[in-house]
Amino acid sequence: MTITPPPAEEDRSSRFHGEYKVPGGKLVVADLDVVDGLLADVSVSGDFFLEPDEALPEINKALTGLPESTTAADLSDAVTASLPPDAVLFGFTADAVAVTVRRALAHATSWSDHHWNIIAPTVLPTHVNVALDEVLTEEVGAGRRNPTLRFWDWEEPSVVIGSFQSVRNELHPDGVARHGISVVRRISGGGAMFMEAGNCITYSLYVPQTLVDGISFADSYAFLDAWVMAALEKLGISAFYVPLNDIATDQGKIGGAAQKRLANGGMLHHVTMSYDIDADKMVEVLRIGKEKLSDKGTRSAKKRVDPLRRQTGLARTEIIAAMIDVFTDRYAASPSELTAAELATARERVATKFGTHEWLHRVP
């Protein structure tokens with residue numbers, strides 16, 4: 001008896017698989033092929049909730065046939081357009097589907113796609129700490145350094161103002177002079193940071209922008225700080241994000257974040273959390289007006305300072321150690337150090353940029 005072999009299958013690439021856990025939400029999974037540069041046989045799945053049932057095959061249909069180079073925004077738009085008016089998405093969004101598809105195609109990356117380094121606190125002048133944020137973000141973007149978490153340390157009392165803040169509007173000159181404050185401007189946006197030795201916990205994440213590909217600017221804050229929330233939970237603190245960039249507990253604000261994305265693909269995510277701030281001195285140095293406080297539900301800047309020491313009863317070093325432990329366990333991170341070349345470049349940037357009158361007063 002002659003057995004006729006089955007017809008040969010068309011030449012297809014390997015199956016692509018991507019996963020994305022929505023911060024505070026559900027897992028989204030995408031499996032797909034790419035044929036002649038187009039998405040094929042797309043299958044979206046996960047532990048999310050979706051009504052009506054018929055919406056899922058419509059999502060798959062909307063994605064099938066799109067070019068593999070389709071941007072995250074266009075993928076999200078395609079998903080949204082496929083949904084019936086009465087569709088309910090719970091635990092995920094059209095943007096989350098787009099991120100998952102981009103991850104499947106390796107246009108977006110996940111934490112596990114990278115080897116992570118941690119630089120423990122090292123006492124450096126505040127100007128050098130700020131310059132290092134620019135230097136290390138450039139190094140990660142250029143692929144010369146692994147994505148890195150770095151904890152700051154410093155000795156001199158300082159104020160670090162945001163990239164777009166006005167010097168005259170943010171500072172009391174008399175308070176700055178009286179308390180010997182070093183004033184520095186950073187590359188990221190956001191508000192001013194009052195920093196004395198040991199009074200706060202400051203860290204910087206240097207990541208490739210592929211890690212947040214398809215994630216909205218607003219959502220990227222909570223996404224990049226999910227490990228911090230886990231560390232605080234471990235210490236008995238239930239923290240949450242208050243949009244856009246405040247980290248808070250039910251007892252008040254404990255920190256704030258800022259970001260900067262560079263043209264070479266590197267990204268800085270920077271956080272300062274209050275540990276034991278002298279609120280009286282802070283308001284003598286910073287101008288914190290009523291408009292700044294208007295959406296915070298408080299009339300006094302002092303009430304916004306809610307030190308981690310009071311909430312945990314732990315030494316600052318213990319809290320940092322707990323953060324390092326959680327980050328290490330989650331992302332298999334390994335210890336690293338600043339290189340001589342990185343430090344030399346940072347000091348050069350202080351001389352040519354961060355320590356200059358022109359940079360500090362670029363917004364008078």
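All values derive from a computational prediction rather than experimental measurement.
- The number of heavy-atom neighbours closer than 6.0 Å to CZ of Phe90, taken from other residues, nucleotides and ligands shown, is 12 or below.
- Here the options are Phe151, Tyr203, Tyr221, Trp152, the test is ring pair (Phe, Tyr, Trp, His ring centres under 6.0 Å), and the partner is His270; only Trp152 passes.
- Looking at every heavy atom in both residues, Arg15 comes nearest to Asp31 through NH2-O, 3.5 Å.
- Under a cut-off of 6.0 angstrom, the local environment of CG in Asp36 is sparse, with at most 12 non-hydrogen atoms contributed by other residues, nucleotides or ligands.
- The CG atom of Asn60 sits 11.0 Å away from the CG atom of Leu39 when rounded to the nearest 0.5 Å.
- Taking CD1 of Ile324 as the reference point, atom OG1 of Thr317 lies at 10.5 Å (rounded to 0.5 Å).
- Glu156 CD: more than 12 foreign heavy atoms inside a 6.0 Å radius.
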Let's go through Asp133 and Arg186 carefully: what are the C-alpha distance in whole Å and the side-chain angles of both, what is the deciding distance for side chain to side chain contact (heavy atoms under 4.5 Å, CB included) to 0.1 Å, and is it a yes or a no? CA-CA 8 Å; Asp133 271 1; Arg186 63 181 185 267; 5.8 Å; no
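- The shortest heavy-atom contact between Ile187 and Glu134 is CG2-OE2, 3.7 Å.
- Rounding to the nearest 0.5 Å places CZ of Arg330 at 10.0 Å from CH2 of Trp227.
- Using a cut-off of 4.0 Å between Lys/Arg side-chain N and Asp/Glu carboxylate O, Arg150 and Glu342 are scored as not salt-bridged.
- Rounding to the nearest 0.5 angstrom, the gap separating the CZ atom in Phe354 from the CG atom in Leu132 is 9.5 Å.
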Asn146 and His114: CA distance, side-chain angles, deciding distance, side chain to side chain contact (heavy atoms under 4.5 Å, CB included) verdict: CA-CA 8 Å; Asn146 291 329; His114 303 283; over 6 Å; no
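- Under the 30°/60° scheme for interplanar angles, the aromatic rings of Phe223 and Trp111 are found to be tilted.
- Rounded to the nearest 0.5 Å, atoms OG (Ser204) and NZ (Lys260) are 14.5 Å apart.
- Of the listed residues (Val228, Ile247, Thr202), just one forms a side chain to side chain contact (heavy atoms under 4.5 Å, CB included) with Val271, and that residue is Ile247.
- Other residues, nucleotides and ligands place more than 12 heavy atoms under 6.0 Å from the NZ atom of Lys353.
- Of all heavy-atom pairs between Thr109 and Arg103, the closest is O-NE, 3.4 Å.
- Heavy-atom neighbours of Arg178 CZ from other residues, nucleotides or ligands within 6.0 Å: above the threshold of 12.
- Contact between Val35 and Ala40 at its shortest, heavy atoms only, is CG2-CB, 3.8 Å.
- Interatomic distance, Thr93 OG1 to Asp219 CG, rounded to the nearest 0.5 Å: 7.5 Å.
- What you find for Arg316 and Tyr275 is that their closest heavy atoms are N-OH, 3.3 Å.
- Summarising the geometry of Gln259 relative to His269, their closest heavy-atom pair is NE2-ND1, 3.0 Å, with the distance given to 0.1 Å.
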Which is it for Leu360 and Ile161 under the side chain to side chain contact (heavy atoms under 4.5 Å, CB included) test, yes or no, and what are the steps along the way? CA-CA 9 Å; Leu360 178 60; Ile161 63 174; 4.3 Å; yes
